[in-house]
> 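Take this structure, written in structure tokens, and hold onto it; I'll ask about it next.
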There are 2 protein chains.
Amino acid sequence: MSRTRRPTLEAVAARAGVSRATVSRVVNGLPTVTPEIRAQVMRAIEELGYIPNSAARSLVTKRTDSYALVASEPPSRVFSDDPLFSIVIRTVSVELEAADKQVVLMLASSPRSHARIERYVAGGHVDGVMLISMHAADPLPAAILRMGVPVVSYGRPAVNVEMPYADNDNVGGARRAVEHLLATGRRRIATIAGPPDMIAGQDRLTGYREALRGSGRRSIVAVGDFTRESGAVAMRQLLEDDPQLDAVFAANDLMAIGALQALRRAGRRVPDDVAVVGFDDIEAAKFTDPPLTTVRHPVVDQATAMVRLLLTPPSERTTDRVILPTELIVRDSA
Amino acid sequence: MSRTRRPTLEAVAARAGVSRATVSRVVNGLPTVTPEIRAQVMRAIEELGYIPNSAARSLVTKRTDSYALVASEPPSRVFSDDPLFSIVIRTVSVELEAADKQVVLMLASSPRSHARIERYVAGGHVDGVMLISMHAADPLPAAILRMGVPVVSYGRPAVNVEMPYADNDNVGGARRAVEHLLATGRRRIATIAGPPDMIAGQDRLTGYREALRGSGRRSIVAVGDFTRESGAVAMRQLLEDDPQLDAVFAANDLMAIGALQALRRAGRRVPDDVAVVGFDDIEAAKFTDPPLTTVRHPVVDQATAMVRLLLTPPSERTTDRVILPTELIVRDSA
DNA sequence: CTGAAAGCGCTTACAG
DNA sequence: CTGAAAGCGCTTACAG
């Protein structure tokens, strides 16, 4: 517990025989310091092992150089077991690190934690906020927006809030997935949709419907919550509703994996009896049996784009919304 | 960008007609304030929407109420695709949140980021550090220890550093897995080990060896890096080295999943021809074909124990190392 | 180019 | 129980 008492700017100044202002200038790399003095100060910093106190610094600069990544953690724990979550976190960390910024992770699980996050942001702890996986009813985005703190969203935010975001073409990706099923002669194409209050879920369902429209096929819908388990449950439901179905489009890979298992247990062969297409192209999609045909969600690019939006001042931005293309990856399941 | 100017303690004091010291006492819940004055101050706080400035506060208190979770991110990206990582993050967040603390996530990917993390911790940004997935050669643990900042580790740290940690019984778990293979009559039992510079990998290999010792079976070892891909590669290698093998213990589930795929492609049936046991019991283990027999790694409990160690002052700790039991979960693959 | 001084917004002995 | 005052460790106009 006896944390070593760290040397201050004052100590460095004394040692180098200059004023605190000068040391501050050297530390912050201001050009207006003679090379000799700079060298002197540098030596003192080195000898003392000086490291600026961050609280003192941000008290005056009003900056913290750290940004919050706020993930809503709904009861279904959607993201906690979702590998995309890890990838977003990692990408955001790496991008921000390149800009010498820090990431503070915040999970918005309960109403209580929502209040905490609001206070945290309002308290000036961070210079900006990234929102991920927000549900429609979430009051947080509006609250943060109101504080005047820069904020961006991973994925199109729920209606009624106006903020920059990076998304992928969920509608188009889903449409292509279903068109592929149509093109390969499938006649009864079901879908396992995501939670209705999450935009990605809505958009993928829209894509499914768009593809079906005018094909003469009717839509067969079950709803999951993006977990494997829910995918298995939904698949069983679907099989009961329409034992003749010969294809299913799951709104994410986790649910597709659940569906694969349910189909296996029901004695259906994939893709012979039932074709399965997922969405996301998570690592596991290559390792299912059979390997999963899916739509690639450009997670890294999307997270990177979000960070760029966050770090670019509004005045310098050419756009407020980045939509990345998705791509159908055909493997063996469809 | 026009961040609203927030009211200060000063403003609250003026409005409530009291001194700044009194407002500070109310804000911090000190008991030495008359109920009437407290009520007055509360009202002023409410009306003004006052929220304490965190930089100013920690400048004087020397506390930040936030803790760093530092994950080493080796080239193999072990953790980025590992669901355990997400679970640890989530558990740590929830636990710390319950104690009204914040989590700052830091990825120690490059030497450059190591330096940044050192500066960050030394700069007083956090009150303590949690280390996860450190490799043997990592200089960070020793550096942080030297600063006198409280630090704990998820998993037994590499030799030569002395710090509290929470781990699970990797050796015992691996031993039990292999004993199960022996008990079910397997004769040529291979293992896919983890990276030799990671303690969990070493310990699980030790367990494998212990179980084999005296059984008359020789050990057959391939090495992976905890990814699915490496599991598949190692399995192919193993099959080449010993086409007669009838069982394999993979040091984690991700590699077991890779092994399952390699076996399928090689035309081996699981468990009929080759039994497979993994380690961790990640969610996906229930959804493989066949469902994976594995050793349960109590991730949530281990992360919780780590946080407790971090938050408990050394003087109040009854122990510095918590070892959680593991459990063999028998499904269909072995 | 360099320094003296003010000030960022809090907390905390110290008096009263 | 309350207030005046000092101080935490920096940065930043302002002079010179």
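Convention: sequence-line order gives letters A, B, ...; per-chain numbering from 1. Model, not experiment: these values are computed from the prediction.
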> By nearest atom, which of the nucleotides C:dG9, C:dC10, D:dA4 is closest to the B:Leu59 side chain?
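The closest nucleotide is C:dG9.
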> Under 4.0 Å between any heavy atoms, over every strand shown, what does B:Val18 touch: base, sugar-phosphate, or nothing? Just pick one.
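It contacts sugar-phosphate atoms only.
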> Of all the choices, D:dG9, D:dT12, C:dT12, which nucleotide is nearest to the side chain of B:Thr61 once you look at every atom?
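For B:Thr61, the side-chain atoms sit closest to C:dT12.
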> Which is more 5' along DNA chain D, the nucleotide nearest A:Pro7 or the one nearest B:Arg20? Just name the residue.
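With A:Pro7 and B:Arg20 compared, the 5'-side residue is B:Arg20.
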> From CG of B:Leu9 over to P of D:dC8, roughly how many Å is that when rounded to an integer?
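So the CG-P distance, B:Leu9 to D:dC8, works out to 19 Å.
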> Counting side-chain heavy atoms from CB outward, which of C:dC8, C:dC10, C:dT2 is closest to A:Lys62?
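Within the option list, the nearest is C:dC8.
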> Could you tell me which non-hydrogen atom of A:Ala166 sits nearest to which non-hydrogen atom of A:Gln302, and how far apart they are?
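Shortest heavy-atom contact: O-NE2, 3.0 Å.
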> Can you tell me if the side-chain N/O atoms of B:Ser19 get under 4.0 Å from OP1 or OP2 in D:dA4?
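No.
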> Looking at every heavy atom in both B:Phe85 and B:Ala71, which two are closest together, and how far apart are they?
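Shortest heavy-atom contact: CE1-CB, 3.6 Å.
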> Counting side-chain heavy atoms from CB outward, which of C:dC10, C:dT12, D:dC10 is closest to A:Thr8?
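Between C:dC10, C:dT12, D:dC10, the one nearest the side chain of A:Thr8 would be D:dC10.
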> In terms of side-chain heavy atoms of A:Asn53, which of C:dT2, D:dG9, C:dG3 is nearest?
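Out of C:dT2, D:dG9, C:dG3, the nucleotide with an atom closest to A:Asn53's side chain is D:dG9.
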> Looking at A:Asn28, I'd like to know whether one of its side-chain N or O atoms comes within less than 4.0 Å of OP1 or OP2 on D:dT11.
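Result: yes.
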> Between B:Arg116 and A:Asp100, does at least one N-O distance fall below 4.0 Å, as a salt bridge requires?
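Answer for the salt bridge query: yes.
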> Just how far, in rounded Å, is P of C:dG9 from NE2 of A:His125?
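In whole Å, C:dG9 P lies 15 Å from A:His125 NE2.
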> Report the nucleotide, chosen from D:dG9, D:dC10, C:dC1, that has the shortest atom-to-atom distance to any side-chain atom of A:Thr34.
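Shortest atom-to-atom distance from the side chain points to C:dC1.
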> Between B:Thr22 and B:Ala56, which residue's closest nucleotide on DNA chain D lies nearer the 5′ terminus?
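Its nearest nucleotide lies further toward 5', so the answer is B:Thr22.
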> So does A:Lys101 pair up with A:Asp65, basic N to acidic O under 4.0 Å?
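A:Asp65 and A:Lys101: salt-bridged.
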> With respect to the side chain of B:Thr32, which nucleotide from D:dT2, C:dG3, D:dG7 is positioned closest?
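Shortest atom-to-atom distance from the side chain points to D:dT2.
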> Quick one: B:Arg63 CZ to D:dC8 P, roughly how many Å, whole number?
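Rounded to the whole Å, the gap is 18 Å.
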> Going by an N to O cut-off under 4.0 Å, is there a salt bridge joining A:Glu95 and A:Arg308?
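Yes, this pair counts.
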> Starting from C1' on D:dT11, measure out to CG on A:Leu30 and report it in whole angstrom.
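Those two atoms, CG and C1', are 10 Å apart.
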> My validator wants the stems of DNA chain C: runs of 3 or more consecutive Watson-Crick or G-U pairs, both distances under 3.5 Å, written as range with range.
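So the stems come out as C:1-3 with D:14-16, C:5-12 with D:5-12, C:14-16 with D:1-3.
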> With a sphere of 6.0 Å drawn around CD of B:Glu10, does it hold more than 12 non-hydrogen atoms of other residues, nucleotides or ligands?
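No.
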> Rounded to the nearest angstrom, tell me the gap between atom CZ in B:Arg57 and atom P in C:dT11.
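Value for this atom pair: 5 Å.
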> Any salt bridge between A:Glu162 and A:Arg156, counting N to O under 4.0 Å?
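Answer for the salt bridge query: no.
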> Looking only at N and O atoms, is any donor in the side chain of B:Arg25 or the base of D:dG3 less than 3.5 Å from an acceptor on the other one?
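Indeed there is one.
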> Could you walk me through whether A:Thr61 and A:Ser58 pass side-chain hydrogen bond (donor to acceptor under 3.5 Å, both in side chains), step by step?
CA-CA 5 Å; A:Thr61 61; A:Ser58 54; 5.5 Å; no
